[in-house]
There are 2 protein chains.
Amino acid sequence: MRKHCPRIVIENYYEPCILYLLSRGPSYGYKIQQHIETQLSCGVNISNVYRCLSRLHKEHCVTKAHEPSEEGPDRVVYRITREGKTLLKDWIQDLNKQKQIVNKLINSCSEL
Amino acid sequence: MRKHCPRIVIENYYEPCILYLLSRGPSYGYKIQQHIETQLSCGVNISNVYRCLSRLHKEHCVTKAHEPSEEGPDRVVYRITREGKTLLKDWIQDLNKQKQIVNKLINSCSEL
DNA sequence: ATAACTATATTAAACTTGCATATAGATATG
DNA sequence: CATATCTATATGCAAGTTTAATATAGTTAT
């Protein structure tokens with residue numbers, strides 16, 4: 001018997017979370033990780049945050065800039081682009097669709 | 001610019017869908033595919049349905065039985081086990097948690 | 001006959017994930 | 001002053017997942 005459901009979905013879909021956070025202002029990997037963990041109460045694998053940011057940059061959804069820090073080493077600060085905002089909108093539509101499906105499943109199962 | 005969000009979550013998480021359908025009665029791969037598509041309006045890759053059923057069987061969450069069909073070739077009919085029902089319950093809990101996160105994201109973004 | 005539908009399953013390539021590891025500056029503690 | 005902890009970014013590898021293609025084969029309709 002398996003211990004548990006292997007993956008909780010949203011935890012593996014950093015993209016909309018990161019795009020959302022960046023839509024509220026520039027940020028960088030380390031800080032984004034902490035925001036997701038505190039604001040969304042999601043476990044985060046830091047590797048995936050950096051990988052996701054890389055991908056978004058390659059796809060022109062964010063810009064990249066090296067900036068000094070007062071608390072530690074330099075940061076790579078990301079800013080969302082117009083393309084990134086479009087992608088976020090698409091994500092929200094998909095999440096809405098998904099929400100309906102999840103609701104259908106949960107409601108159906110609660111009747112069991 | 002990427003065309004679209006690459007994956008909508010639930011479409012790739014057949015497991016709770018399949019477990020739910022099986023909790024309502026025995027079924028088989030081909031029929032499950034159609035049920036997910038019609039009842040949940042989800043696109044389904046049939047390969048993944050069979051693979052998911054295989055995995056569930058390997059983990060003793062479903063039983064397997066070859067049964068003849070009147071409309072085509074034999075079917076492999078699956079039935080959910082007690083372990084499968086437990087797994088479904090775990091899934092529902094996780095989906096509830098996920099739903100909250102998705103709501104938080106959607107609501108935050110709708111303010112933009 | 002032949003196409004379309006029913007039905008199951010595997011292969012190969014591409015992709016994703018988690019964990020480990022590497023690097024390195026800044027700060028705190030003993 | 002040495003060492004640990006925190007801040008910060010990034011990649012390699014093994015394992016797992018997904019998609020598309022392919023193989024097989026019985027049944028039904030035209």
Side-chain angles (χ1 to χ4, degrees), chain A residues 2-18 21-22 26-38 42-59 62-79 94, chain B residues 2-18 21-22 26-38 42-59 62-79 91 94 98:
Chain A
R2 181 178 343 160
K3 300 163 226 166
H4 204 55
C5 316
R7 305 206 250 157
I8 302 189
V9 177
I10 282 300
E11 290 185 1
N12 300 292
Y13 287 78
Y14 304 114
E15 200 171 279
C17 298
I18 290 175
L21 290 174
L22 290 179
S27 195
Y28 53 96
Y30 192 78
K31 197 178 173 189
I32 285 170
Q33 179 199 29
Q34 297 178 319
H35 275 194
I36 293 176
E37 283 186 343
T38 56
C42 270
V44 172
N45 183 318
I46 186 66
S47 313
N48 291 335
V49 172
Y50 287 116
R51 262 193 277 254
C52 185
L53 284 167
S54 266
R55 201 174 59 236
L56 286 171
H57 182 247
K58 213 171 65 186
E59 290 165 347
V62 295
T63 61
K64 212 172 169 178
H66 289 262
E67 293 181 15
S69 163
E70 283 159 20
E71 299 152 82
D74 284 4
R75 297 163 179 161
V76 182
V77 175
Y78 292 89
R79 289 174 175 80
D94 284 346
Chain B
R2 184 181 336 162
K3 299 166 224 165
H4 204 56
C5 315
R7 308 207 248 155
I8 302 188
V9 177
I10 282 300
E11 291 186 359
N12 301 290
Y13 287 77
Y14 303 114
E15 203 172 275
C17 298
I18 290 175
L21 290 173
L22 290 178
S27 195
Y28 53 95
Y30 191 79
K31 197 179 174 187
I32 284 170
Q33 178 199 30
Q34 297 179 318
H35 274 195
I36 293 177
E37 283 187 342
T38 57
C42 270
V44 173
N45 183 319
I46 186 67
S47 314
N48 292 335
V49 172
Y50 287 116
R51 256 192 278 259
C52 184
L53 284 167
S54 268
R55 200 175 58 235
L56 287 171
H57 182 247
K58 212 170 67 187
E59 290 165 348
V62 296
T63 61
K64 210 172 170 180
H66 289 262
E67 293 181 17
S69 162
E70 284 159 17
E71 299 152 82
D74 284 4
R75 296 164 180 161
V76 181
V77 174
Y78 292 89
R79 288 176 176 78
W91 260 111
D94 284 345
Q98 180 196 317

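Here is the naming used below: chain letters follow the sequence lines, and residue numbers restart at 1 for every chain. None of these values were measured; they are calculated from a predicted model.
Formation of a donor-acceptor pair under 3.5 Å by the B:Tyr14 side chain with backbone atoms of B:Asn45 is found in this model.
In the set C:dC19, C:dT17, D:dT19, the nucleotide with an atom closest to the side chain of A:Asn48 is C:dT17. Of the candidates D:dT19, C:dA9, D:dA25, the closest approach to any side-chain atom of B:Tyr50 belongs to C:dA9. Side chain of B:Arg51, nearest nucleotide from D:dT7, C:dT11, C:dG18: C:dT11. For B:Ser47, the listed nucleotide lying nearest its side chain is C:dT10; candidates were D:dA10, C:dT10, C:dT6.
Looking at A:Leu22 and A:Leu53, their side chains come closer than 4.5 Å, going by heavy atoms from C-beta outward. Taking 4.5 Å as the limit, every side-chain heavy atom of A:Val44 sits out of range of all side-chain heavy atoms of A:Ile32.
In this structure, B:Arg55 places its CZ atom 11 Å from C1' of D:dT18, rounding to the nearest Å. Rounded to whole angstrom, the span from the CG atom of B:Asn45 across to the C1' atom of C:dT10 amounts to 13 Å. Here D:dT24 presents its P atom at 19 Å from CG of B:Asp74, a figure rounded to the nearest Å. In this structure, A:Tyr14 atom OH and C:dT16 atom P are separated by 13 Å, rounded to whole Å. The CD-P distance, from B:Glu37 to C:dT6, rounds to 12 Å in whole Å. Spacing between atom CD of A:Glu15 and atom C1' of C:dT17 amounts to 15 Å, rounded to whole angstrom units. Whole-Å rounding puts the B:Arg75 CZ to D:dT24 P distance at 24 Å. Following rounding to the nearest Å, B:Lys58 (NZ) and D:dT17 (C1') show an atom-to-atom distance of 13 Å.
Here CD1 of B:Ile18 is found 4.0 Å from SG of B:Cys52. Values are rounded to the nearest 0.5 Å. One finds the CD1 atom of B:Ile36 at 13.0 Å from the NZ atom of B:Lys31 (value rounded to the nearest 0.5 Å).
Within residues 65-72 of chain B, the residues approached by DNA chain D to less than 4.0 Å at the level of any non-hydrogen atom are B:Glu70, B:Glu71, B:Gly72, in residue-number order.
Residues that satisfy the salt bridge (charged side-chain N to carboxylate O under 4.0 Å, His left out) test with A:Arg51, not counting sequence neighbours, are absent from this structure.
Residue B:Tyr28 places none of its side-chain N or O atoms closer than 4.0 Å to OP1 or OP2 of C:dT8.
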For residues 64-77 of chain A, please give each side-chain donor-acceptor pair under 3.5 Å, one per line with the distance, not counting sequence neighbours.
residue: A:Glu67; atom: OE2; partner: A:Arg79; partner atom: NH1; Å: 3.4
residue: A:Glu67; atom: OE2; partner: A:Arg79; partner atom: NH2; Å: 3.3
residue: A:Ser69; atom: OG; partner: A:Glu71; partner atom: N; Å: 2.9
residue: A:Ser69; atom: OG; partner: A:Gly72; partner atom: N; Å: 3.2
residue: A:Ser69; atom: OG; partner: A:Arg75; partner atom: NH2; Å: 3.3
residue: A:Glu71; atom: OE2; partner: A:Arg75; partner atom: NH2; Å: 3.1
residue: A:Arg75; atom: NE; partner: A:Tyr28; partner atom: OH; Å: 3.2
residue: A:Arg75; atom: NH2; partner: A:Tyr28; partner atom: OH; Å: 3.3

